[in-house]
Protein chains: 2
Amino acid sequence: MNHPRWLTPEQRHSWIRFISVLELLPGVLDSQLQHDAELTHFEYLTLARLSEAPERTLRMTALSSATNASLARLSHVIARLEKRGFVARTPCPEDRRATNASLTEVGWQKVVETAPGHVATVRDSVIDALDAADVADLDRIMGRILSRLDPTNRLRSWGTE
Amino acid sequence: MNHPRWLTPEQRHSWIRFISVLELLPGVLDSQLQHDAELTHFEYLTLARLSEAPERTLRMTALSSATNASLARLSHVIARLEKRGFVARTPCPEDRRATNASLTEVGWQKVVETAPGHVATVRDSVIDALDAADVADLDRIMGRILSRLDPTNRLRSWGTE
DNA sequence: GCTTTTTACTTGTAGCGTCAAGCAATGACT
DNA sequence: AGTCATTGCTTGACGCTACAAGTAAAAAGC
């Protein structure tokens with residue numbers, strides 16, 4: 001066929017709603033965190049991932065996979081978080097090209113203080129709008145989309161287990 | 001309770017997958033459009049909305065609602081699109097505070113050229129991963145989330161009809 | 001009719017992300 | 001052991017978005 005395969009009306013309707021959420025939700029998450037903790041959603045995510053890691057430490061590459069970010073982006077972000085005392089960078093002994101990022105005590109406290117408000121926002125804006133079946137459906141659907149977006153499955157530890 | 005209501009494991013798993021998609025998908029859409037048409041996803045959306053409007057014209061406020069953008073953001077974007085000849089701004093005769101943005105012929109051609117590649121990307125990265133039931137579920141779930149994110153229902157013409 | 005408020009939009013600035021380029025260490029290959 | 005490619009990360013410049021402040025017109029109040 002020389003025409004593209006357009007979307008069906010159902011697909012189109014669903015897609016438009018989906019990108020509306022994609023457009024609106026980041027703003028909601030960012031502004032709550034910015035207001036209450038002076039953190040970007042991505043900065044919070046970074047701190048949260050570190051807080052869950054063994055020794056609260058991860059190599060830059062591992063952290064960038066865990067947060068779906070490019071190394072360049074992560075490098076800028078960690079630089080900012082380091083300036084504020086939440087994260088410390090130390091050279092990795094096994095591989096001298098590599099850098100370990102670890103959460104400081106101050107950074108840990110920041111996560112502890114910030115998490116409840118963030119979870120409340122996640123509930124308010126998303127989770128509490130959904131029943132158990134919705135949550136299961138969302139999980140299934142996002143899993144299918146992720147397999148297209150992230151064919152190498154860098155996220156398998158969180159997303160595909 | 002003085003503890004926040006944490007997420008259940010199912011909710012948490014679903015949420016993490018969801019924000020992974022939220023983090024990855026905009027990059028995929030943006031880079032295809034940037035590469036093939038030198039447009040942002042948001043710029044494309046703006047042109048697409050105009051192309052569907054009567055006379056291919058909308059007032060700035062209406063267009064900002066249709067695209068989920070602040071007026072400030074839209075103003076910058078329209079300024080860029082105007083410089084490139086895709087959009088023209090004309091003062092609105094009925095209300096001299098208002099501005100009409102309309103798609104030029106060049107802008108219309110741009111949409112016509114760009115749409116097929118964009119739809120193909122949408123299919124590749126999302127829609128073709130989903131069966132009919134998934135699409136219906138996604139539609140339902142995003143509708144529920146939108147009702148939280150957009151309580152005033154500015155999007156009703158597209159999202160809630 | 002004159003102020004006050006609201007609506008519609010624009011503009012400047014500051015901050016974050018992407019891209020391209022770079023460097024240094026490592027591994028592979030000969 | 002010497003070259004070449006790859007990996008791990010950093011840096012700088014540029015572009016887009018959010019935020020704050022400003023202008024101008026219209027509507028509302030008195």
Side-chain angles (χ1 to χ4, degrees), chain A residues 22-35 37-46 57-84 87-102 152 154, chain B residues 22-35 37-46 57-84 87-102 152 154:
Chain A
L22 243 64
E23 205 67 54
L24 292 170
L25 188 50
V28 171
L29 301 177
D30 274 328
S31 59
Q32 179 265 323
L33 284 166
Q34 197 63 54
H35 187 266
E38 292 182 17
L39 288 175
T40 311
H41 179 237
F42 183 76
E43 288 171 341
Y44 174 80
L45 205 74
T46 304
T57 298
L58 283 174
R59 283 175 48 167
M60 292 294 281
T61 303
L63 188 53
S64 76
S65 292
T67 54
N68 300 311
S70 68
L71 218 36
R73 180 183 185 184
L74 184 65
S75 184
H76 287 300
V77 170
I78 291 292
R80 287 185 324 248
L81 293 174
E82 194 173 29
K83 251 177 218 149
R84 296 170 67 184
V87 168
R89 264 192 276 214
T90 50
C92 175
E94 292 101 352
D95 184 338
R96 285 188 306 173
R97 293 169 303 178
T99 306
N100 281 327
S102 24
T152 59
R154 299 180 311 168
Chain B
L22 243 65
E23 205 67 54
L24 292 170
L25 188 50
V28 171
L29 301 177
D30 274 328
S31 59
Q32 180 264 323
L33 284 166
Q34 197 64 54
H35 187 267
E38 292 182 16
L39 288 175
T40 312
H41 179 236
F42 183 75
E43 289 170 339
Y44 174 81
L45 206 72
T46 304
T57 298
L58 283 174
R59 279 168 60 159
M60 292 294 281
T61 303
L63 188 52
S64 77
S65 291
T67 55
N68 300 309
S70 68
L71 217 36
R73 180 185 185 185
L74 184 66
S75 185
H76 285 300
V77 170
I78 293 292
R80 291 190 314 256
L81 293 174
E82 194 173 29
K83 250 177 220 148
R84 295 170 67 184
V87 168
R89 264 191 278 215
T90 51
C92 176
E94 292 100 352
D95 184 338
R96 285 189 305 173
R97 295 168 302 177
T99 307
N100 281 327
S102 25
T152 59
R154 300 180 310 168

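Letters A, B, ... mirror the listed sequences (proteins, then strands); counts begin at 1.
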Is B/Ser75 touching bases, backbone alone, or none of the nucleic acid, heavy atoms closer than 4.0 Å?
base
With sugar-phosphate meaning primed atoms plus P, OP1 and OP2, does B/Asp30 contact a base, only sugar-phosphate, or nothing at under 4.0 Å between heavy atoms?
nothing
How many whole angstroms separate atom CG of B/Leu71 from atom P of C/dT7?
13 Å
Just by distance, do the side chain of A/Thr40 and the backbone of A/Glu43 share a donor-acceptor pair under 3.5 Å?
no
Between D/dT10 (C1') and A/Leu74 (CG): distance, integer Å:
11 Å
Which of these nucleotides, C/dT18, D/dA18, C/dA8, is closest to any side-chain atom of B/Asp95?
C/dA8
Phosphate-side-chain proximity, A/Arg96 and C/dA24, N/O vs OP1/OP2 below 4.0 Å
no
Report yes if at least one side-chain N or O of B/Arg80 is closer than 4.0 Å to OP1 or OP2 of D/dT17; otherwise report no.
yes
Taking the side chain of A/Arg97 as heavy atoms from C-beta outward, which of D/dT11, C/dA25, C/dT10 is closest to it?
C/dA25
What about A/His76: does its side chain form a donor-acceptor pair under 3.5 Å with the base of D/dG12?
yes
Just do the side-chain contact (heavy atoms from CB on, under 4.5 Å) check on A/Gln34 and A/Leu39 with the steps written out, would you?
CA-CA 5 Å; A/Gln34 197 63 54; A/Leu39 288 175; over 6 Å; no
Mind checking B/Ala72 for me? I need base, sugar-phosphate or nothing, with any heavy atom below 4.0 Å counting as a touch.
base
Check this one for me: any side-chain N or O of A/Arg73 less than 4.0 Å away from OP1 or OP2 of C/dC16?
no
Can you tell me how far P of C/dA8 sits from CD1 of B/Ile78, to the nearest Å?
17 Å
With a 4.0 Å cutoff (strictly under), does any side-chain N or O of B/Arg89 reach OP1 or OP2 of C/dT10?
yes
By nearest atom, which of the nucleotides C/dC16, C/dG17, C/dA8 is closest to the A/Val77 side chain?
C/dG17
In whole angstroms, how far is the P atom of D/dT17 from the NE2 atom of B/His41?
12 Å
What does B/Ala98 touch in the nucleic acid at a heavy-atom separation under 4.0 angstrom: a base, only the sugar-phosphate, or nothing?
sugar-phosphate
How far apart are the C-alpha atoms of B/Arg73 and A/Glu23, what are their side-chain angles, what is the distance that settles it, and do they pass the salt bridge (charged side-chain N to carboxylate O under 4.0 Å, His left out) test?
CA-CA 13 Å; B/Arg73 180 185 185 185; A/Glu23 205 67 54; 3.1 Å; yes
Whole-Å gap separating P (C/dC16) and CG (A/Leu39)
11 Å
